[in-house]
Amino acid sequence: MKRILNFLMVVAVLAMACVAFADKELPVFKKGETVYVCGCGAGCDCYTLARKEGNCSCSKKLVKSTVERVEGDKLFAKVNGKEESFVTTAKYACGCGDGCSCGTISQKPGKCGCGKEMKAVK
């Protein structure tokens, strides 16, 4: 019985650690915040978002915008006068570490706003 309790305790602690550290890889965007987004339109599936200027995963310039709202794992911003949604649970993110503030995330690999290669989010 004691072994089962110890095992359950270890599993609970590991689950909490995974949740705590998973949030550190991806930036959190808030309503009213300035953001740079892929300006290719609804047909593009890279959904690149960043806090700094740069290029999206599809190699075009990111467009400056403002976060209109955030609902679940989607961010809404206006691009060329139209509201578009962007996925915030990215497959790729800036791999520069804690000192970097470009906050680039994307659904496709490429370079982040600070010029380094993005890494796959685990």
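These values consider heavy atoms only, across backbone and side chains, with no hydrogens, waters or symmetry-generated copies. Here the structure is a predicted model, which is why all the values come from computation and not from measurement.
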**Study point:** Separation between CD of Glu84 and CZ of Phe76, rounded to the nearest 0.5 Å
**Key:** 11.0 Å
Review point. Atom NZ of Lys91 and atom OH of Tyr47: how far apart are they, to the nearest 0.5 Å?
Key: 10.5 Å
Study note, to complete from the structure: Rounding to 0.5 Å, atoms NZ (Lys31) and CG (Leu75) come to a distance of 12.0 Å
Review point. Looking only at atom types and distance, does a side-chain atom of Thr48 sit under 3.5 Å from a main-chain N or O of Ser57, one as donor and one as acceptor?
Key: yes
Point to revise | Heavy-atom side-chain proximity of Lys61 to Asn55 below 4.5 angstrom | key: yes
Point to revise | Side-chain touch Cys46/Cys40, heavy atoms, less than 4.5 angstrom | key: no
Review point. Can we say Lys111 and Glu117 salt-bridge, meaning some charged N sits less than 4.0 Å from an Asp/Glu carboxylate O?
Key: yes
Check your understanding: Taking all atoms of both residues into account, what is the closest heavy-atom pair of Leu62 and Cys56, and its distance?
Key -> CD2-CB, 3.5 Å
Check your understanding: Is the shortest distance from a Lys or Arg side-chain nitrogen in Arg69 or Glu71 to a carboxylate oxygen in the other one below 4.0 Å?
Key -> yes
Revision key, fill the gap. Closest non-hydrogen atoms of Glu53 and Tyr36, given as atom of the first, atom of the second and distance, are CG-CE2, 3.3 Å
Point to revise | Exercise: identify the closest heavy-atom pair between Val79 and Gly39 | key: CG1-CA, 3.7 Å
Point to revise | Intermediate values then yes/no, side-chain contact (heavy atoms from CB on, under 4.5 Å), Lys52 and Ser101 | key: CA-CA 8 Å; Lys52 291 186 176 181; Ser101 63; 3.3 Å; yes
Exercise for review: Provide the closest heavy-atom pair for Ala90 versus Ile105 in the form atom of the first, atom of the second, distance.
Suggested key: CB-CB, 3.5 Å
Check your understanding: Could you give the distance from NZ (Lys119) to NZ (Lys116), rounded to the nearest 0.5 Å?
Key -> 13.0 Å
Practice item. Answer whether the closest heavy-atom distance between the side chains of Val87 and Gln107 falls below 4.5 Å. Key: yes
Check your understanding: Has the side chain of Ser106 got a donor or acceptor atom that lies under 3.5 Å from a matching backbone atom of Tyr92?
Key -> no
Point to revise | Contact check, side chains of Lys30 and Val70, non-hydrogen atoms, under 4.5 Å | key: no
Revision key, fill the gap. Taken to the nearest 0.5 Å, the spacing of Thr34 OG1 from Lys64 NZ works out to 5.5 Å
Practice item. State whether the side chain of Thr88 and the backbone N or O of Asp73 hold a donor-acceptor pair below 3.5 Å, judged by distance alone. Key: yes
Check your understanding: To the nearest 0.5 Å, what is the distance between SG (Cys112) and CE (Met118)?
Key -> 7.0 Å
